[in-house]
Amino acid sequence: MRQIVKLPKLGDTANEVLVLEWSVAPGDSVAVGDVLMRVETDKVEADVPSPVAGVVAELRVDVEDEVEVGAALCVIESG
């Protein structure tokens, strides 16, 4: 099953983040909680964990992109 991973809310005021780096690439296996990417809000840097286990099928945003909460980050094939 294809799971679209969306950017979760990372704080009370952060509605947009800057993508600093990906920790995974297409074809990588991930477990729940594995770090997918590192982002920066107006206040802090934070890791975005995987909400599902599976294989990364597609990255939908690039490093240095500004992304809003709820935006699709990547696709993970699970189960």
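Val61 is connected to Val56 through a chain of hydrophobic side-chain contacts under 4.5 Å among Ile, Leu, Val, Met, Phe, Trp and Tyr, so both are in one cluster. Cluster membership for Trp22 and Val75, using ILVMFWY side-chain heavy atoms within less than 4.5 angstrom, is not shared. A continuous path of ILVMFWY side-chain contacts below 4.5 Å connects Leu10 to Leu73, so both sit in one hydrophobic cluster. Taking hydrophobic clusters as Ile, Leu, Val, Met, Phe, Trp and Tyr residues chained together by side-chain heavy-atom distances below 4.5 Å, Ile4 does not share a cluster with Val69.
The side-chain heavy atoms of Lys9 and Asn15, taken from C-beta on, include a pair separated by under 4.5 Å. Side-chain contact between Met37 and Leu59 is absent, with no heavy-atom pair separated by less than 4.5 Å. In this structure, Glu66 and Leu18 have side chains that are in contact, with non-hydrogen atoms separated by less than 4.5 Å. A 4.5 Å side-chain heavy-atom check between Val17 and Leu20 finds every atom pair outside the cut-off. Contact of the Leu7 side chain with the Glu68 side chain is not registered, since no non-hydrogen atoms from C-beta on lie closer than 4.5 Å.
Taking CD1 of Ile76 as the reference point, atom CG of Leu36 lies at 5.0 Å (rounded to 0.5 Å). In this structure, SG in Cys74 is found 10.5 Å from CG in Asp28, a value given to the nearest 0.5 Å.
In this structure, Ala31 and Ser50 approach most closely via the heavy-atom pair O-CB, 3.7 Å.
Listed by chain and number, the residues in a salt bridge (charged side-chain N to carboxylate O under 4.0 Å, His left out) with Glu77 are Arg2 (sequence neighbours excluded).
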